[in-house]
> 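Can you keep this structure in mind? I'll have questions shortly.
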Amino acid sequence: MRETLINNFLRISKIPRESGHEEKIADFFIDVAKENNLYYFKDEYNNVLIKKKGTRPSKPIALQAHLDMVCVKSKDSDHDFRKDGIEVVIDKDKVTAKDTSLGADQGVGLSIMLTLMEDKSLLHPDLEFLFTTEEETTFNGAVHFPYSKLTSKRLINLDSATDDSIFIGSDGDICNEFVYHGDLIENDLPSYQILIEGFPGGNSTEEVALSTNNAITTMARLLKHQDIFLKSINGGTSENDLATFCEVVISTNSNVTTIFKGLKASIKKIDNKKAFSKEDTQNILNEILDLKCGFISNNAASANLGYIKTSGNKVSIYYVFRSMDEKVLEQINNESKKLNNQFTINEIYRDSIWKVNYHSELLKQYKELYFKEYSEYPLEGVFHGGIECSSIKDRIDGLDIISIGCIIKKYHTIDEVTFISSWLKI
């Protein structure tokens with residue numbers, strides 16, 4: 001089993017699967033279904049459903065994982081995630097990638113499902129394998145899949161990052177885009193391009209406390225009380241992840257070296273004749289700092305400002321917040337919209353709360369099996385962040401659902417690591 005899982009993880013890792021570009025990995029699983037004479041279905045979002053007839057009588061069960069991965073690479077890497085596979089590095093039990101994110105989230109779940117699909121000796125009920133897309137961005141796959149195609153009323157999601165826990169609920173979340181249009185005016189001040197980087201990365205649900213001082217908020221804090229004119233500000237890669245870098249172009253007579261003293265900053269004097277007005281500059285910086293990050297609302301919620309970009313005279317801020325309390329979610333949503341009426345707010349997506357079902361038969365069965373294997377019960381937890389379980393459960397009446405997984409550390413970063421022994425445990 002160990003070598004089979006490793007080989008399947010390597011097969012999957014060879015295939016590009018950036019969020020929004022999952023067609024190659026979707027077709028890979030379709031080909032596997034064809035080779036094994038299994039039922040398959042693919043929709044317009046590249047979601048895939050494969051069915052394997054049972055070898056013993058029992059109620060059917062579904063396994064689910066997402067096809068996409070977060071694509072980050074080291075500064076010096078020339079890796080192209082649209083066409084290159086991941087260079088996996090295996091050191092005994094430890095699995096990492098060379099200069100990129102590993103994609104163990106959710107490559108491990110995909111490998112487990114692939115192993116079960118191709119296993120001819122396994123005794124099992126009717127199995128349904130649901131592969132969804134864009135989990136790392138919009139949840140479009142889970143939201144739009146035609147669930148009438150699915151027979152099972154029991155589903156195991158494989159998207160957890162621990163092997164001693166079972167998740168039975170999750171926060172709901174809302175992602176908003178805050179858009180500011182200013183005026184670029186001419187000035188004859190010296191201009192500088194400044195990059196700060198090296199901030200801790202990873203998913204903001206796992207590293208909530210680090211979100212407060214990410215690269216974008218740190219940049220805004222440093223510039224807020226300075227005599228500067230902002231031309232552009234760009235940082236981060238996703239609203240869900242911690243911003244590890246932020247780059248600005250500013251015009252100023254101030255000593256920029258002093259402003260960024262003590263930080264890993266690259267400062268370059270450039271030729272630039274236009275920038276936002278001082279009022280526009282302050283509006284943008286104030287909005288960044290007013291959108292609170294980390295634990296908020298008396299720790300009943302968390303938030304992350306993970307991505308900002310400038311295009312001409314337009315600045316867009318992407319901000320996501322999460323809570324298990326619907327009233328808290330709406331309160332934060334309403335309050336954030338009142339911070340600065342010069343920003344246009346667009347709702348990018350919202351995911352419902354996955355409410356805990358303590359009477360779940362699937363939960364009970366899994367706990368009993370776990371105890372039989374390890375002489376202890378798994379921890380039960382609520383996932384702090386959005387997870388596809390909420391979208392799926394909302395769309396299937398009477399669905400019993402749990403989420404399990406293997407150990408994955410520092411996911412969504414180039415330091416992502418997982419362990420083969422943990423794959424085998426699950």
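The structure displayed is predicted, hence computed values, not measured ones. If you read the sequence from its start, that first residue is 1, and numbering goes on from there.
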> When rounded to the nearest 0.5 angstrom, what is the spacing between CG in Leu150 and CZ in Phe41?
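Going from CG on Leu150 over to CZ on Phe41, the span is 11.5 Å.
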> Any luck finding a side-chain donor-acceptor pair between Ser352 and Asp394 under 3.5 Å?
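Side chains of Ser352 and Asp394: pair found under 3.5 Å.
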> Testing the basics here: between Ser336 and Phe178, what is the closest heavy-atom pair and its distance to 0.1 Å?
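Smallest heavy-atom distance, with atoms named: O-CE2, 3.6 Å.
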> Taking the inter-plane angle between the rings of Phe321 and Tyr319 on a 0 to 90° scale, is it parallel (under 30°), tilted (30 to 60°) or perpendicular (over 60°)?
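Ring orientation, 0 to 90° scale: tilted.
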> What's the shortest heavy-atom distance between Cys246 and Ile233, and which atoms?
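Scanning both residues, the minimum pair turns out to be SG-CG1, 3.7 Å.
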> Quick check: closest heavy atoms across Val320 and Asn240, and the distance to 0.1 Å?
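Looks like CG1-OD1, 3.9 Å.
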> Do we see a donor-acceptor contact under 3.5 Å between the side chains of Asn203 and His412?
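Side chains of Asn203 and His412: pair found under 3.5 Å.
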> His144 and Glu44: side-chain donor and acceptor closer than 3.5 Å?
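Glu44 and His144 do not have a side-chain donor-acceptor pair below 3.5 Å.
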> With no hydrogens and no angle check, just 3.5 Å: does a side-chain donor-acceptor pair link Glu134 and Tyr349?
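Distance-only check fails for Glu134 and Tyr349.
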> If I compare all heavy atoms of His66 with all of Leu110, which pair ends up nearest, and what's the gap?
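The pair with the smallest heavy-atom distance is O-CD2, 3.7 Å.
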> Is it the case that more than 12 heavy atoms not belonging to Asn341 sit under 6.0 Å from its CG atom?
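No, the 6.0 Å shell around CG holds no more than 12 heavy atoms from other groups.
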> Apply side chain to side chain contact (heavy atoms under 4.5 Å, CB included) to Arg2 and list each qualifying residue two or more places apart in sequence or on a separate chain.
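Expected list: Ile6, Ile420, Leu424.
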> At what distance, to the nearest 0.5 angstrom, does CG of Asn255 lie from OG1 of Thr252?
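Here the interatomic distance stands at 9.5 Å.
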> Do Asn8 and Thr115 pair up side chain to side chain, a donor and an acceptor below 3.5 Å, judged on atom types alone?
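Yes.
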> Pairs in or reaching into residues 411-426: which pass salt bridge (charged side-chain N to carboxylate O under 4.0 Å, His left out), with residues at least two apart or in two chains?
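Residue pairs with at least one partner in residues 411-426: Asp163-Lys425.
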> Under a 4.0 Å threshold between the charged nitrogen and the carboxylate oxygen, would Lys327 count as salt-bridged to Glu330?
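Salt bridge absent between Glu330 and Lys327.
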> Pairing donors with acceptors under 3.5 angstrom, does anything connect the side chains of Ser302 and His384?
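Ser302 vs His384: donor-acceptor pair found between side chains.
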> Return the minimal non-hydrogen interatomic distance between Ser74 and Ile414, and the atom names on each side.
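Nearest pair, atom of Ser74 first, then Ile414: N-CG2, 3.7 Å.
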> Given Asp227 and Lys278, is the salt bridge (charged side-chain N to carboxylate O under 4.0 Å, His left out) satisfied, shown in steps?
CA-CA 8 Å; Asp227 187 14; Lys278 189 159 287 187; 2.2 Å; yes
> State, without any angle test, whether Asn46 and His21 hold a side-chain donor-acceptor pair at a distance under 3.5 Å.
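Result is no, nothing qualifies.
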> For the CG atom of Asn283 and the OH atom of Tyr180, what is their distance to the nearest 0.5 Å?
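Taking CG in Asn283 and OH in Tyr180, the distance rounds to 4.0 Å.
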> May I ask you to check whether Trp423 and Phe9 place their ring centres under 6.0 Å from each other?
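Close enough - the centres of the two rings lie under 6.0 Å apart.
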> Distance alone, cut at 3.5 Å: any donor-acceptor contact between the side chains of Ser403 and Asn157?
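Short answer, yes.
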> Can you run down the salt bridge (charged side-chain N to carboxylate O under 4.0 Å, His left out) pairs that involve residues 72-89, sequence neighbours left out, and say none if there aren't any?
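Salt bridge (charged side-chain N to carboxylate O under 4.0 Å, His left out) check on residues 72-89 returns Glu18-Arg82, Lys75-Glu197.
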> For a quick test of reading the model, state the closest non-hydrogen atom pair linking Gly385 to Ser170 and the distance between them.
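Distance-wise, the nearest heavy atoms are O-CB, 3.5 Å.
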